[in-house]
J.: 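Would you mind keeping the following structure in view while I ask a few things?
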There are 2 protein chains.
Amino acid sequence: MLESLDVRQLRYFAVVAEELNLRRAAERLFMAQPPLSRHMKRLEEFLGVALFVRHSRGLTLTTEGERVLEIVRPVLELETATRERLHALRVAGARAPVIGLTTAFEQGVFAALESRLFAAHGPGLRLERATSPRLVREVRRGRVDAAFVALPLDTPGLHVVPLSYAEPLLAVLPEGWPEAAQGRHRLRDLSGKPLFWFRREGHPAFFDHTKRVFAHAGFAPMLKEEPTEHDVLLARIAAGEGMGLFPASFSAIRRTGVVFAALAEGNLLGIRLGLIARTDFEALAESLVRLAKDALTCSINLSAT
Amino acid sequence: MLESLDVRQLRYFAVVAEELNLRRAAERLFMAQPPLSRHMKRLEEFLGVALFVRHSRGLTLTTEGERVLEIVRPVLELETATRERLHALRVAGARAPVIGLTTAFEQGVFAALESRLFAAHGPGLRLERATSPRLVREVRRGRVDAAFVALPLDTPGLHVVPLSYAEPLLAVLPEGWPEAAQGRHRLRDLSGKPLFWFRREGHPAFFDHTKRVFAHAGFAPMLKEEPTEHDVLLARIAAGEGMGLFPASFSAIRRTGVVFAALAEGNLLGIRLGLIARTDFEALAESLVRLAKDALTCSINLSAT
DNA sequence: GTTCCGTCATACCGAAAAGGTATCGCAAAA
DNA sequence: TTTTGCGATACCTTTTCGGTATGACGGAAC
């Protein structure tokens with residue numbers, strides 16, 4: 001099926017033509033390789049000419065491809081310039097920033113930070129709450145100017161500042177389990193138990209991190225799909241369906257039927273707060289880091305609770 | 001929620017800024033008013049400035065709006081030019097045309113036409129079968145170069161050639177109904193019967209046309225949602241659930257349990273074949289018209305069968 | 001002053017497109 | 001021959017976009 005010729009695709013083409021390698025181009029465009037492959041194919045279909053010759057190690061431009069590149073380049077340049085001019089106009093409008101807050105921590109953690117944010121930027125400030133990988137995407141697209149996220153996280157192309165605030169993960173066990181009597185566990189002692197855990201898509205970098213920690217600790221849980229809502233998850237744990245791993249701050253939630261227990265691997269299995277921002281928002285980022293350091297002094301040590 | 005700033009939206013903005021009236025602008029852009037309203041709102045959100053002042057009769061540009069228009073205009077012009085250059089390149093590539101065929105007629109009608117099309121344009125020719133309103137859209141977007149469609153149809157902005165081939169609609173009745181014994185009916189005699197009929201979205205212009213004819217003929221059917229597949233529809237008619245109205249060519253399909261019957265209103269209630277093409281494809285359109293006249297000599301008279 | 005009409009905004013829905021993961025086939029490199 | 005890196009394909013999920021229906025509002029007409 002042919003299509004409508006979007007400027008975005010022309011931009012993709014320009015990058016591919018520069019890299020002559022789809023995977024690398026996709027990386028530069030912050031996307032996966034297959035969609036880019038498809039875009040190039042469709043562009044070729046639309047134009048009715050082959051733009052590339054594919055060989056098993058990369059691509060080369062055909063003469064038509066070079067011609068198209070020449071035709072296309074000026075628009076892309078002008079479009080970039082225009083985008084910048086509009087962006088400048090936007091900044092000139094003294095727009096209040098949009099700041100993201102990860103939902104990875106219990107939201108009470110941000111209480112002090114939030115009031116300071118509003119004090120510093122006025123009531124026009126917008127807060128966006130979402131998962132960390134999603135905030136990364138929003139910051140890249142410019143929908144959000146800066147965001148507090150949970151590390152570890154994949155953030156190529158963004159300005160990242162790890163902050164000193166961090167939390168270990170705690171085991172959350174059904175009250176009925178014999179293990180719930182103890183206050184502290186090694187992961188391996190919980191091996192084989194059903195564990196509510198998220199799907200890799202939701203947070204690939206952190207997922208891979210935990211997988212390594214699990215493997216190293218000799219922990220082989222029986223994974224169960226984690227519900228998206230915290231309260232639902234806690235309810236199902238209380239029902240005895242399995243255990244969960246929560247950032248320590250969630251222990252502020254006291255729910256009947258569940259027990260929070262520290263883990264010996266707390267120093268490895270934890271999340272750390274970080275600030276991300278587009279590289280052109282360093283000024284904002286710096287001021288936010290200062291604010292955060294002021295507001296979040298009460299770091300929970302990673303190795304104990 | 002903010003967003004990513006697409007060139008398309010800038011183009012929409014330019015049109016709105018020119019018309020200073022959302023409904024008219026939407027018409028020029030071949031879209032409905034609400035989506036356009038939303039686009040403008042989002043653009044304003046993204047830029048962080050008000051582009052328009054809304055009053056109850058139309059819009060006026062703010063000074064920021066004028067400024068944005070100035071910034072934006074050059075890109076749009078260059079983009080249009082680039083689009084044309086790429087289009088030219090596409091034409092230079094001697095691409096085989098893509099031709100649409102409406103599914104409103106029984107496909108056997110097009111048998112002779114199809115072989116002539118392939119003879120004229122070679123095996124590279126692509127045929128796209130879809131409903132007529134959908135083909136209109138595809139032609140507008142440039143995915144299809146020209147299309148044979150069923151009239152009446154809304155086709156502003158496109159080159160339209162009504163052809164001499166036309167078909168009345170026939171009533172298709174369950175064999176068990178007493179009316180099935182007669183070979184010809186007035187619509188009003190079938191009033192109150194359940195009729196399988198399509199939803200307005202699928203074909204607004206034709207729907208409105210038939211509504212007028214129905215009203216004029218004193219025909220008030222009990223409408224039932226029509227299944228999308230012809231064979232399914234025939235099966236349900238055969239099951240006695242209701243009747244249908246089919247273009248005459250479908251009577252070539254002999255299905256047990258259903259009876260085709262002519263209608264007195266055949267001269268009003270029918271569809272006519274037409275050719276549509278983008279205005280820059282007139283040459284192709286003319287050659288297609290000649291082909292079609294040659295292939296489709298056997299027109300079925302609208303007033304009898 | 002009340003009614004009517006045109007305009008833009010909102011709510012909701014379905015279709016289309018874009019991006020992601022998993023996986024394959026292939027050719028060059030080891 | 002095996003391995004490795006590449007692009008292509010298949011399939012799924014999420015997002016976006018456009019459409020219809022409908023509401024709120026202000027000027028125009030009576």
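These values consider heavy atoms only, across backbone and side chains, with no hydrogens, waters or symmetry-generated copies. Naming convention: chains lettered A, B, ... in sequence-line order (proteins, then strands); numbering from 1 in each chain.
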J.: Step through it carefully: locate the ring centre of B:Phe52, locate the ring centre of B:Phe13, and say whether they are under 6.0 Å apart.
T.: yes
J.: State whether B:Lys41 places a side-chain N or O below 4.0 Å from either non-bridging phosphate oxygen (OP1 or OP2) of C:dT10.
T.: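 Yes, such a contact exists.
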J.: Does the structure place the NZ or CZ of A:Arg140 under 6.0 Å from the centre of the six-membered ring of A:Phe30, at an angle of no more than 45° from the ring's axis?
T.: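 Pair A:Arg140/A:Phe30 counts as cation-pi.
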J.: Checking all strands, does B:Leu36 fall into the base, sugar-phosphate, or nothing category for heavy-atom contacts under 4.0 angstrom?
T.: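 The answer is nothing, as B:Leu36 stays clear of every strand by at least 4.0 Å.
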J.: Starting from C1' on D:dA8, measure out to CG on A:Leu51 and report it in whole angstrom.
T.: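 Distance check: A:Leu51 CG to D:dA8 C1' gives 17 Å.
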J.: Stepwise, does the side chain to side chain donor-acceptor pair (under 3.5 Å) test hold for B:Thr102 with B:Ser132?
T.: CA-CA 5 Å; B:Thr102 179; B:Ser132 299; 2.8 Å; yes
J.: For A:Gln9 and C:dG19, give me the distance from atom CD to atom C1', rounded to whole Å.
T.: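 Atom CD in A:Gln9 sits about 13 Å away from atom C1' in C:dG19.
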J.: Check whether B:Asp145 reaches the backbone of B:Val98 with its side chain - one donor and one acceptor, N or O, closer than 3.5 Å.
T.: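 It does hold such a pair.
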J.: In terms of side-chain heavy atoms, does B:Arg42 have a donor or acceptor partner in B:Gln9 at a distance below 3.5 Å?
T.: no
J.: State whether B:Asn21 places a side-chain N or O below 4.0 Å from either non-bridging phosphate oxygen (OP1 or OP2) of C:dG6.
T.: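 Negative; the distance criterion is not met.
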J.: Taking only residues two or more places apart in sequence, or in another chain, which ones meet A:Glu44 in a side-chain hydrogen bond (donor to acceptor under 3.5 Å, both in side chains)?
T.: A:Arg54
J.: Regarding A:Arg134, tell me which of base, sugar-phosphate or nothing describes its non-hydrogen contacts under 4.0 Å with the strands shown.
T.: sugar-phosphate
J.: Does a side-chain N or O from B:Ser37 land closer than 4.0 Å to OP1 or OP2 of C:dC8, or not?
T.: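 For B:Ser37, the contact criterion (side-chain N or O under 4.0 Å from OP1 or OP2 of C:dC8) is not met.
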J.: A:Arg57 has a side chain; which of D:dG5, C:dC8, D:dG7 sits nearest to it?
T.: D:dG5
J.: Using a cut-off of less than 4.0 Å, is there contact between a side-chain N or O of A:Arg54 and OP1 or OP2 of D:dA8?
T.: yes
J.: Summarise protein proximity over nucleotides 18-24 of chain D in one line of letters, 5' to 3': B for base, S for sugar-phosphate only, - for none, counting protein heavy atoms closer than 4.0 Å.
T.: BBBB---
